[in-house]
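Here is the structure we will look at, set down as structure tokens.
Predicted, not measured: the structure shown is a model, and the values here were computed from it. Both counts, for ligands and for their atoms, begin at 1 and track the order of listing.
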Amino acid sequence: MHKRLLAPYRPILSFVRSCRRCPTSCRSRRVPFVQFNDGETFPIFGLGTWKSKPDQVCRAVQEAIDVGYRHIDCAAVYENEREVGAGIKAKLDDGTVKREELYITSKLWNTMHRPEKVEKAIKGSLEKLGLEYLDLYLIHWPFALKEGCELFPVNEDGSTAYGDINFVDTWKAMEEVHKNCLTKSIGISNFNKRQTECILENCSIKPVTNQIELHAYLNQKKLVEFLTGHDIIVTAYSPLGSADRPWAKPDEPRLLMDPLLQKLSKKYQKTPAQILLRLSVECGYITIPKSVTKSRIEENFSIWDFSLYRTDVELLDGLNRDYRYCAYPDACTHKDHPFAKDEY
Ligand SMILES: NC(=O)C1=CN([C@@H]2O[C@H](COP(=O)(O)OP(=O)(O)OC[C@H]3O[C@@H](n4cnc5c(N)ncnc54)[C@H](OP(=O)(O)O)[C@@H]3O)[C@@H](O)[C@H]2O)C=CC1
Ligand SMILES: O=C1CO[C@H](CO)[C@@H](O)[C@@H]1O
């Protein structure tokens, strides 16, 4: 099973293996990437920016780029794109990187699904980020919320105010912004199998990736198999268990505290976070941990000098408990909610 999942990701694995054989390539700060059929590349490791406070994220982005990160995962709804952009600009201005060496993702928020709104939305993100183009633009969730000034619109009774836009129509508008060169690639996020199939059946440009929650407590085997079978790259979000979510409960399972991770941490002389991140990249997933802490930004990127034994990968596989940290329950009655009705 594991072998089959790895198959489409040979370029990543060969990089990871070459790192192991040749420690100097780890020190050269090259970030591994996957190459698309059209020659575009996608760095397999990125910095997440959800919950990164505006006054912290500008510095975090610069530290990440200094360490070797080349991929930054952003979104309009994170409300910090201007500060992320300032961090990127500082590193472009001081010559550390060129724009074409960076891979910047942003996402269309749920209140902007109406096709006529999509260009305005991406241009808004570009303006805040201070960029002329994105590398990747994703539909953040398959369901639409009510249009307006609020990012999280509510009805009078406090329930979430839904919109009624077909996500295929939104996808057509995503294709247009791609054709207009506002983004090099387009993709989806939080789409289930049926919704992804629906896009595949009706698109002229295929999504390059589906960004989904993916970690040892939610290994999404079936969805991953479906996506890789359709040559859709899997991006793993919340790879460390997203402990800083505003709605985190004190009694929820804490991924980083799992006893097996503590045990493997001793065995490999790596931290629990590094074990999880290494697992994710060895599975071939684009992996985007968030941190605003310099030492952790460095720690998370220091995973190219070891590899997991297959027996340990199997043990980590056994941790799966289909536990979602990001289930968006406030919209669970929406007809397009991805997790409410479908098995995967
Ligand atoms: N498409 C979507 O719907 C979603 C996309 N995402 C994307 O994925 C990214 C990552 O997911 P996210 O939910 O933020 O959570 P993560 O799983 O990346 O966890 C982030 C938390 O882990 C802490 N942390 C980071 N590194 C370490 C370490 N080495 N040791 C211990 N703790 C550590 C961070 O703390 P600190 O920052 O204080 O160091 C923070 O509290 C997001 O930021 C976002 O870009 C996330 C959710 C949904
Ligand atoms: O990326 C994400 C994090 O923030 C959003 C809203 O708070 C989530 O819905 C989303 O999945």
Using non-hydrogen atoms of the residue, decide whether K51 is closer than 4.0 angstrom to ligand 2. no
Report the relative orientation of the aromatic rings in F143 and W141; use parallel for angles under 30°, tilted for 30 to 60°, perpendicular for over 60°. tilted
Extract all N/O-N/O pairs under 3.5 Å that connect ligand 1 to the protein, and present each with both atom names and the distance rounded to 0.1 Å.
{"unit_1": "ligand 1", "atom_1": "1 (N)", "unit_2": "S189", "atom_2": "OG", "d": "2.8"}
{"unit_1": "ligand 1", "atom_1": "1 (N)", "unit_2": "Q211", "atom_2": "OE1", "d": "2.9"}
{"unit_1": "ligand 1", "atom_1": "3 (O)", "unit_2": "H140", "atom_2": "NE2", "d": "3.3"}
{"unit_1": "ligand 1", "atom_1": "3 (O)", "unit_2": "N190", "atom_2": "ND2", "d": "2.8"}
{"unit_1": "ligand 1", "atom_1": "11 (O)", "unit_2": "S238", "atom_2": "N", "d": "3.1"}
{"unit_1": "ligand 1", "atom_1": "13 (O)", "unit_2": "S238", "atom_2": "OG", "d": "2.8"}
{"unit_1": "ligand 1", "atom_1": "13 (O)", "unit_2": "S242", "atom_2": "OG", "d": "2.7"}
{"unit_1": "ligand 1", "atom_1": "14 (O)", "unit_2": "K51", "atom_2": "NZ", "d": "2.7"}
{"unit_1": "ligand 1", "atom_1": "17 (O)", "unit_2": "P239", "atom_2": "N", "d": "3.4"}
{"unit_1": "ligand 1", "atom_1": "17 (O)", "unit_2": "L240", "atom_2": "N", "d": "2.8"}
{"unit_1": "ligand 1", "atom_1": "17 (O)", "unit_2": "G241", "atom_2": "N", "d": "3.1"}
{"unit_1": "ligand 1", "atom_1": "17 (O)", "unit_2": "S242", "atom_2": "N", "d": "3.0"}
{"unit_1": "ligand 1", "atom_1": "18 (O)", "unit_2": "K290", "atom_2": "N", "d": "2.9"}
{"unit_1": "ligand 1", "atom_1": "26 (N)", "unit_2": "N300", "atom_2": "ND2", "d": "3.0"}
{"unit_1": "ligand 1", "atom_1": "29 (N)", "unit_2": "E299", "atom_2": "OE2", "d": "2.9"}
{"unit_1": "ligand 1", "atom_1": "29 (N)", "unit_2": "N300", "atom_2": "OD1", "d": "2.8"}
{"unit_1": "ligand 1", "atom_1": "35 (O)", "unit_2": "R296", "atom_2": "NH1", "d": "3.0"}
{"unit_1": "ligand 1", "atom_1": "37 (O)", "unit_2": "K290", "atom_2": "NZ", "d": "2.7"}
{"unit_1": "ligand 1", "atom_1": "37 (O)", "unit_2": "V292", "atom_2": "N", "d": "3.0"}
{"unit_1": "ligand 1", "atom_1": "38 (O)", "unit_2": "R296", "atom_2": "NH1", "d": "3.4"}
{"unit_1": "ligand 1", "atom_1": "39 (O)", "unit_2": "S291", "atom_2": "OG", "d": "2.7"}
{"unit_1": "ligand 1", "atom_1": "39 (O)", "unit_2": "T293", "atom_2": "OG1", "d": "2.7"}
{"unit_1": "ligand 1", "atom_1": "39 (O)", "unit_2": "R296", "atom_2": "NH1", "d": "2.9"}
{"unit_1": "ligand 1", "atom_1": "41 (O)", "unit_2": "D244", "atom_2": "OD1", "d": "3.4"}
{"unit_1": "ligand 1", "atom_1": "41 (O)", "unit_2": "D244", "atom_2": "OD2", "d": "3.2"}
{"unit_1": "ligand 1", "atom_1": "43 (O)", "unit_2": "T49", "atom_2": "N", "d": "3.2"}
{"unit_1": "ligand 1", "atom_1": "43 (O)", "unit_2": "W50", "atom_2": "N", "d": "3.0"}
{"unit_1": "ligand 1", "atom_1": "45 (O)", "unit_2": "T49", "atom_2": "N", "d": "3.2"}
{"unit_1": "ligand 1", "atom_1": "45 (O)", "unit_2": "D73", "atom_2": "OD2", "d": "2.6"}

Which of parallel (below 30°), tilted (30 to 60°) and perpendicular (above 60°) describes F191 and F167? perpendicular
A student checking ligand 2 against Y78 at a 4.0 Å heavy-atom cut-off should list atoms 1 (O), 2 (C), 3 (C), 4 (O)
Looking at F339, is R324 sitting on its ring face, NZ or CZ under 6.0 Å from the six-membered ring centre and within 45 degrees of the normal? yes
Before accepting this row, confirm whether a basic side-chain N of the pair R310/E314 lies closer than 4.0 Å to the acidic partner's carboxylate O. no
Atom 7 (O) of ligand 2: the protein heavy-atom neighbour that sits closest, reported with distance to 0.1 Å: F152 CZ, 3.7 Å
Apply side chain to side chain contact (heavy atoms under 4.5 Å, CB included) to E119 and L182, showing your working. CA-CA 9 Å; E119 186 171 323; L182 295 172; 4.0 Å; yes
Provide, to 0.1 Å, the distance between atom 9 (O) of ligand 2 and the closest protein heavy atom, together with that atom's residue and name. W141 NE1, 3.3 Å
Gap between atom CD of E298 and atom OG of S291 - 0.5 Å precision: 10.0 Å
Charged N to carboxylate O below 4.0 Å: is that the case for E225 and K221? no
W50, any N or O under 3.5 Å of ligand 2 N or O: yes
Does NZ or CZ of R278 lie under 6.0 Å from the centre of the six-membered ring of F306, at an angle within 45° of the ring axis? yes
Mind checking whether Y328 has an N or O less than 3.5 Å away from an N or O of ligand 2? no
What's the spacing between Y328 OH and C326 SG if we round to 0.5 Å? 11.0 Å
Give me the residue, atom name and distance of the protein heavy atom closest to atom 2 (C) of ligand 2. H140 NE2, 3.4 Å
Please check whether Y237 reaches ligand 2 - meaning an N/O of the residue sits under 3.5 Å from an N/O of the ligand, judged on distance alone. no
Should the pair D73-K107 be classified as a salt bridge under the 4.0 Å nitrogen-to-oxygen rule? yes
